[in-house]
Visitor: 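One structure, as structure tokens, below. Some questions next.
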Amino acid sequence: MNRPRNLKQLKNDEKIWDIAIIGGGSSGLGVALDALSRGLSVVLFERSDFAKGTSSRSTKLVHGGVRYLAQGDILLVWEALRERGRILRNAPHLAHVQPFVIPIYSYLGKLRYTLGLKVYDWMSGWLSLGDSYFISKEETIERLPQIKQEGLLGGVVYHDGEFDDARLALAIAQTCDDLGGLMLNYTPVTALMKDENQKVAGLKVRDALGKKNYQVKAKMVVNATGVFADKILRMDQPEVAKMIQPSQGVHLVLSNEFLGGADALMIPKTSDGRVLFAVPWKGKLVMGTTDTLREKAKQEPEALSREVSFILNTAGLYLTKKPSRKDILAVYAGLRPLAAPKEGKVKTKEISRNHKIIVADSGLVTLTGGKWTTFRKMGEDTVNYFHRITGEELRVSKSWEVKIHGYGEVILEGHWKKYGNEAVKILQMIKDNPAYAKLLHADYPYTAGEVVWAVREEMAMKVEDVLSRRIRMLILDTKTALEMAPLVAKLMAEELKEDDVWINKELVDFENIAKKYLIKI
């Protein structure tokens with residue numbers, strides 16, 4: 001992806017795009033992918049970086065949702081299990097099968113979870129990732145070396161998917177770029193354009209980096225801004241009622257020694273009736289999540305002390321080596337765009353995760369809710385409205401069969417895997433310029449060449465883009481990310497032809513963001 005080249009296309013303000021999308025998270029990218037698979041022209045604007053918000057702050061699971069099955073949300077689970085299989089098939093470099101173990105401490109639990117997960121397997125159909133089964137106490141301890149042994153009867157093994165959320169978002173953006181879509185980050189929408197009938201006919205946008213304004217005409221405009229959807233809705237109708245209720249999910253990142261082994265742990269019922277996951281990810285352990293109502297949507301939400309304590313205390317009930325605040329390498333928070341209850345208080349765990357599509361009188365289409373796993377289906381359902389909005393015929397969706405950028409026969413292992421078949425190109429670039437082989441930090445395998453690649457090929461414009469979403473150091477080990485930042489800034493400045501003033505500003509900005517990921521002991 002080449003941002004300057006893409007910006008040049010906006011100079012043609014007479015061009016009428018089929019669909020203009022606001023939002024570069026999983027929802028907006030799903031819409032773009034599906035529209036392009038049907039031959040429509042697409043332009044997408046993200047005010048920050050791709051997946052800057054909720055879409056890079058997940059539990060890292062591509063899953064049907066075991067807890068949604070327990071709640072009886074059969075259709076959501078069915079749909080998510082089918083989409084789970086498609087993600088693993090179309091993006092094997094970014095998603096893989098992850099075995100889970102549910103520790104069993106009662107005979108009722110053994111019966112409940114063994115039977116329940118058999119239903120989960122059956123619903124997966126031909127896209128199943130593996131059968132679930134009961135294992136002995138001895139095997140449970142072998143697979144989860146740090147699990148509490150007192151009262152342990154055994155465990156139930158089941159299989160779900162694990163992925164790199166920010167990298168998948170980026171790869172989808174690259175796929176859309178490959179298909180002819182115009183993808184732009186750091187380009188906020190400043191206003192909706194309307195025709196003489198007060199129908200939405202395009203957007204006014206601003207290049208936040210180059211400080212230039214553009215007008216973009218479109219037959220259909222999609223608001224896919226997640227927790228910020230109300231802001232776009234108010235551009236259309238200033239007095240519109242609040243539609244989004246942000247719910248905060250917090251995750252802790254620790255050394256995997258607190259769990260041990262390669263299997264993930266699922267705690268099926270916590271003190272507040274939710275589930276808790278402890279998932280091995282990129283050599284660390286991701287533990288979460290919470291579900292806390294927040295009044296205001298923020299770009300950089302911060303974990304509350306009580307959320308951190310809840311995760312630590314809950315995990316401590318199941319682990320022999322109890323984690324504490326000093327063990328936390330990073331903490332990150334994301335906001336889910338739940339439907340605001342119309343009356344009374346509703347527990348967030350009871351609000352459906354199904355997506356919703358709303359069409360305003362102006363023709364503005366808003367997509368909200370849903371979950372990462374179903375991003376493609378959310379896009380398909382949204383693009384289906386194109387005929388209703390424009391009256392034009394629409395081809396059948398083909399997004400389910402699109403291979404995601406990086407898909408190929410040769411997939412390297414280790415940290416190179418996330419690049420898919422492009423890893424070979426990066427390694428060749430490093431071979432041609434040995435200076436790019438320099439490690440960003442002695443404790444991690446990431447190289448200077450990957451920073452250069454992120455700028456040249458992945459539209460990374462800020463130090464945070466590289467350290468948070470191109471390589472995931474900000475959420476893997478925040479202190480180390482801060483130590484890497486000066487070298488990353490220097491490498492980026494050389495590529496972007498920026499000066500020391502830019503470097504210093506970037507380092508200050510990154511430090512301010514990183515503080516939110518450091519635990520306060």
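Because the structure is a prediction, the values reported are computed rather than measured. Excluded from the calculations below are hydrogen atoms, water molecules and symmetry mates; all remaining heavy atoms, backbone and side chain alike, are included.
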Visitor: I would like to know whether Y517 and Y332 meet ring-ring contact (aromatic ring centres under 6.0 Å, His included); could you show each step before the answer?
Guide: CA-CA 6 Å; Y517 293 75; Y332 64 93; 7.4 Å; no
Visitor: Would one find more than 12 heavy atoms of other residues, nucleotides or ligands at under 6.0 Å from atom NZ of K148?
Guide: yes
Visitor: Is any NZ, NE, NH1 or NH2 atom of the basic residue among R57 and D165 found under 4.0 Å from an Asp or Glu carboxylate oxygen of the other?
Guide: no
Visitor: Between the side chains of N90 and K403, is a donor N or O closer than 3.5 angstrom to an acceptor N or O?
Guide: yes
Visitor: Find out whether the Lys NZ or Arg CZ of K462 is both under 6.0 angstrom from the six-membered ring centre of Y186 and within 45° of the ring's axis.
Guide: yes
Visitor: Salt bridge check: are R143 and D263 linked by an N-O gap of less than 4.0 Å?
Guide: yes
Visitor: What is the minimum heavy-atom distance between F228 and Q299, and which atoms define it?
Guide: CZ-N, 3.8 Å
Visitor: Run the numbers on T190 and R206 for side-chain hydrogen bond (donor to acceptor under 3.5 Å, both in side chains), then give the verdict.
Guide: CA-CA 7 Å; T190 57; R206 181 169 176 79; over 6 Å; no
Visitor: Show your reasoning for whether ring-ring contact (aromatic ring centres under 6.0 Å, His included) applies to W372 and F163.
Guide: CA-CA 10 Å; W372 231 125; F163 78 138; 5.3 Å; yes
Visitor: Any carboxylate oxygen within less than 4.0 angstrom of a Lys/Arg side-chain nitrogen, looking at E302 and K516?
Guide: yes
Visitor: Check this for me: does any side-chain nitrogen of one of E300 and K515 sit under 4.0 Å from a carboxylate oxygen of the other?
Guide: no
Visitor: Ignoring hydrogens and geometry beyond distance, is a side-chain donor-acceptor pair present between D327 and S324 at under 3.5 Å?
Guide: yes
Visitor: Tell me the closest heavy-atom pair linking L467 and A485, and the distance in Å.
Guide: CD1-CA, 3.8 Å
Visitor: Any chance you could lay out the side-chain hydrogen bond (donor to acceptor under 3.5 Å, both in side chains) test for T187 and E46, step after step, and finish with the verdict?
Guide: CA-CA 6 Å; T187 315; E46 164 56 45; over 6 Å; no
Visitor: Between the side chain of D34 and the main-chain N/O of G30, is any donor-acceptor distance below 3.5 Å?
Guide: no
Visitor: For H93, check side chain to side chain donor-acceptor pair (under 3.5 Å) against everything at least two apart and list the hits.
Guide: none
Visitor: Are side-chain N/O atoms of T59 and H251 paired as donor and acceptor at under 3.5 Å?
Guide: yes
Visitor: Drop me the distance from R470's CZ to L170's CG, to the nearest 0.5 angstrom.
Guide: 5.0 Å
Visitor: Got a second to check how far L36's CG is from C176's SG, nearest 0.5 Å?
Guide: 5.0 Å
Visitor: State, to 0.1 Å, how close P145 and G261 come at their nearest heavy-atom pair, and which atoms those are.
Guide: CD-N, 4.2 Å
Visitor: Does either side chain, that of Q98 or that of H159, offer a donor lying less than 3.5 Å from an acceptor on the other one?
Guide: no
Visitor: Any ion pair linking K211 and D207 (charged N to carboxylate O, less than 4.0 Å)?
Guide: no
Visitor: Would you give the length of the straight line joining atom CD of Q245 to atom CD of E295, rounded to the nearest 0.5 angstrom?
Guide: 5.5 Å
Visitor: State whether K52 and D465 are salt-bridged, where the test is any N-O pair (Lys NZ or Arg NE/NH1/NH2 against Asp/Glu carboxylate O) under 4.0 Å.
Guide: no
Visitor: Any chance CZ of R306 has more than 12 other-residue heavy atoms, nucleotides or ligands included, within less than 6.0 Å?
Guide: no
